2 protein chains.
Amino acid sequence: MKLTRRKLEIVATAAKLFRKKGYNAVSMRDLAQALEIKAASLYNHINSKQEILGIIILDVAENFTQHMNSVSPENISSIKKLESVIENHIQITIEKTDALACLNNDWMHLEKLDLENYLMMRNTYEAKMRNIIEQGIQQKELQERNIDLVLFSLLSTLRTLHLWYSKNKEVSPQLLFEEMKQNLLHGIIR
Amino acid sequence: MKLTRRKLEIVATAAKLFRKKGYNAVSMRDLAQALEIKAASLYNHINSKQEILGIIILDVAENFTQHMNSVSPENISSIKKLESVIENHIQITIEKTDALACLNNDWMHLEKLDLENYLMMRNTYEAKMRNIIEQGIQQKELQERNIDLVLFSLLSTLRTLHLWYSKNKEVSPQLLFEEMKQNLLHGIIR
DNA sequence: GTCTATACCGTGATAGAC
DNA sequence: GTCTATCACGGTATAGAC
């Protein structure tokens with residue numbers, strides 16, 4: 001899908017607003033005002049409000065999918081794979097903060113086809129990450145635990161890291177990565 | 001505030017719907033239909049849609065506040081305090097799944113006074129938990145880390161545990177507590 | 001305490017002039 | 001590519017009968 005310069009502006013501005021107030025609480029008039037045009041003018045660039053949401057969310061989802069597909073089959077330890085996943089989440093958090101928030105909060109408002117597409121990607125992503133954890137346990141790299149709860153513990157923090165980052169943008173990606181790797185993999189107890 | 005039997009039903013049903021679709025995506029007609037009455041009839045029990053949201057969210061927020069106020073000044077180790085906080089989050093997750101989801105997703109749609117009240121409670125809660133972590137580091141119970149990131153790592157998982165729990169209701173509270181304590185405090189690496 | 005009827009407003013979206 | 005004007009719809013909420 002090609003996006004014109006103007007369409008990209010609209011999508012980026014929408015992501016910012018959606019993140020702050022939620023998809024349903026942002027009207028096309030709000031969006032237009034933020035771009036200093038009238039609501040009707042938006043429709044020369046986009047077909048519907050839901051189309052905008054789809055573009056925002058599926059772009060991020062594809063980023064995650066692509067990275068997982070490249071890491072998952074590599075011939076490295078499970079811990080290295082998890083570190084790579086953590087690093088990727090942090091990078092996307094930094095580069096696409098607004099869009100990531102939209103994905104987390106408003107995916108359920110996607111239109112039918114986009115929703116199916118998104119859910120398929122998410123399920124595949126979680127399944128592959130689950131496999132990494134399972135393998136890590138089998139090979140004694142990780143402790144014996146409830147796999148689904150380990151998966152959830154990691155993902156819940158990584159998915160919502162944008163909430164912390166948007167209030168602490170001055171932190172360096174390196175520090176963020178090192179600290180999160182420690183917190184998530186090694187815990188906090190001395 | 002006293003709540004009649006019927007008002008409690010309305011609030012509980014609303015929480016269920018809000019959790020599934022989000023506050024703004026649930027209309028008063030939807031809510032009425034779920035209760036098998038007409039939308040207008042709701043207004044004999046409640047004053048506005050936002051009032052319902054306020055009741056749902058502030059009740060949960062007060063639960064958290066109360067527990068933190070009782071644990072924070074106790075004369076026990078920081079680790080014991082953190083364990084108690086984790087346990088409380090899990091208990092509320094189990095007992096008030098829907099309301100907790102509303103608090104997480106829709107707090108920004110509270111009306112002015114409720115919003116101020118909620119934010120004050122949240123800030124106080126986080127400050128007290130931050131103090132527990134800080135003290136734990138000073139007393140060498142916890143590793144030297146970025147305090148705010150440790151705080152975020154713990155809270156991000158605890159706050160969204162309802163997402164996992166609503167799909168895994170058969171798990172016992174004891175197992176959930178033991179596993180989460182391990183994941184959050186000790187990490188996952190062997 | 002629930003109903004019908006209705007007021008009033010904001011919503012997403014379209015038509016057509018410029 | 002943006003505008004004005006407008007539409008059909010669904011939103012929250014109220015009035016008043018039963």
Side-chain angles (χ1 to χ4, degrees), chain A residues 1-58 102 105-115, chain B residues 1-58 102 105-115:
Chain A
M1 168 155 27
K2 283 185 191 174
L3 294 187
T4 65
R5 187 125 213 90
R6 196 74 172 128
K7 189 159 181 176
L8 273 172
E9 272 185 278
I10 292 173
V11 167
T13 305
K16 231 179 271 184
L17 295 181
F18 290 167
R19 173 175 138 227
K20 240 184 285 199
K21 314 209 299 168
Y23 175 76
N24 275 306
V26 176
S27 70
M28 294 303 273
R29 288 165 173 80
D30 293 335
L31 176 55
Q33 197 173 27
L35 288 156
E36 296 179 295
I37 56 176
K38 297 291 172 183
S41 307
L42 290 168
Y43 290 88
N44 277 294
H45 306 280
I46 52 102
N47 296 311
S48 70
K49 191 184 174 189
Q50 276 192 316
E51 189 204 355
I52 300 177
L53 187 67
I55 292 171
I56 294 171
I57 290 180
L58 290 182
C102 292
N105 301 328
D106 286 315
W107 60 266
M108 71 286 281
H109 301 121
L110 287 169
E111 54 197 334
K112 193 166 179 308
L113 278 178
D114 284 346
L115 181 60
Chain B
M1 165 152 33
K2 281 185 194 174
L3 294 188
T4 64
R5 186 127 213 87
R6 196 72 172 128
K7 190 160 179 175
L8 274 173
E9 272 184 279
I10 292 173
V11 167
T13 306
K16 231 180 271 184
L17 294 181
F18 291 167
R19 175 174 137 229
K20 240 183 285 197
K21 314 209 301 169
Y23 175 76
N24 274 306
V26 176
S27 71
M28 294 303 273
R29 298 192 227 271
D30 293 334
L31 176 56
Q33 197 173 27
L35 289 155
E36 295 180 296
I37 56 177
K38 297 291 172 184
S41 306
L42 291 169
Y43 290 88
N44 276 297
H45 307 279
I46 53 101
N47 296 309
S48 70
K49 190 185 174 188
Q50 275 194 314
E51 190 205 355
I52 300 177
L53 187 66
I55 293 171
I56 294 171
I57 290 180
L58 290 182
C102 291
N105 301 328
D106 286 315
W107 59 267
M108 70 286 279
H109 301 120
L110 287 169
E111 55 197 333
K112 194 168 181 303
L113 278 177
D114 284 346
L115 181 60

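Keep in mind it's a predicted model, so treat the numbers as computed, not measured.
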- Heavy atoms of other groups near A:Glu111 CD, more than 12 under 6.0 Å: yes
- Short side-chain N/O contact to C:dA13 OP1/OP2 from A:Tyr43, under 4.0 Å: yes
- Which residues pass the side chain to side chain donor-acceptor pair (under 3.5 Å) test with A:Glu9, sequence neighbours left out? A:Arg6
- Query: Within this structure, what is the CD-to-C1' distance between B:Gln33 and D:dT12, rounded to whole angstrom?
  - Reply: 17 Å
- Task: Check whether any side-chain heavy atom of A:Leu42 lies under 4.5 Å from a side-chain heavy atom of A:Ile37, and answer yes or no.
- Result: yes
Restricting both atoms to N or O, compile the protein contacts to nucleotides 3-5 of chain C shorter than 3.5 Å, with distance only.
residue	atom	partner	partner atom	Å
C:dC3	OP2	B:Lys38	N	2.5
C:dC3	OP2	B:Ser41	OG	3.0

- B:Glu51/B:Lys7 ion pair, N-O < 4.0 Å: yes
- Atom pair distance, as rounded to whole Å: CG in B:Leu53 and P in D:dT12: 13 Å
- Message: Among residues at least two apart in sequence or on other chains, which ones pass side chain to side chain contact (heavy atoms under 4.5 Å, CB included) with B:Ala14?
- Response: B:Phe18, B:Leu31, B:Ile52, B:Ile56
- Message: Can you measure B:Leu31 atom CG to D:dA13 atom P for me and round it to whole angstrom units?
- Response: 12 Å
- Results of side chain to side chain contact (heavy atoms under 4.5 Å, CB included) for A:Lys21 - residues two or more places apart only: A:Ala25, A:Val26, A:Asp30
- Just how far is it from atom CG of A:Asp106 to atom CG of A:Leu53, taken to the nearest 0.5 Å? 6.0 Å
Taking only N/O atoms, report every protein-nucleotides 9-11 of chain D pair under 3.5 Å with atom names and distance.
residue	atom	partner	partner atom	Å
D:dG11	OP2	B:Arg29	NE	3.4
D:dG11	N7	B:Arg29	NH2	2.5

- Query: B:Leu42 has an atom CG; how far is it from atom P of C:dG1, in whole Å?
  - Reply: 13 Å
- Query: Mind checking what makes ring-ring contact (aromatic ring centres under 6.0 Å, His included) contact with A:His109, not counting sequence neighbours?
  - Reply: A:Tyr23
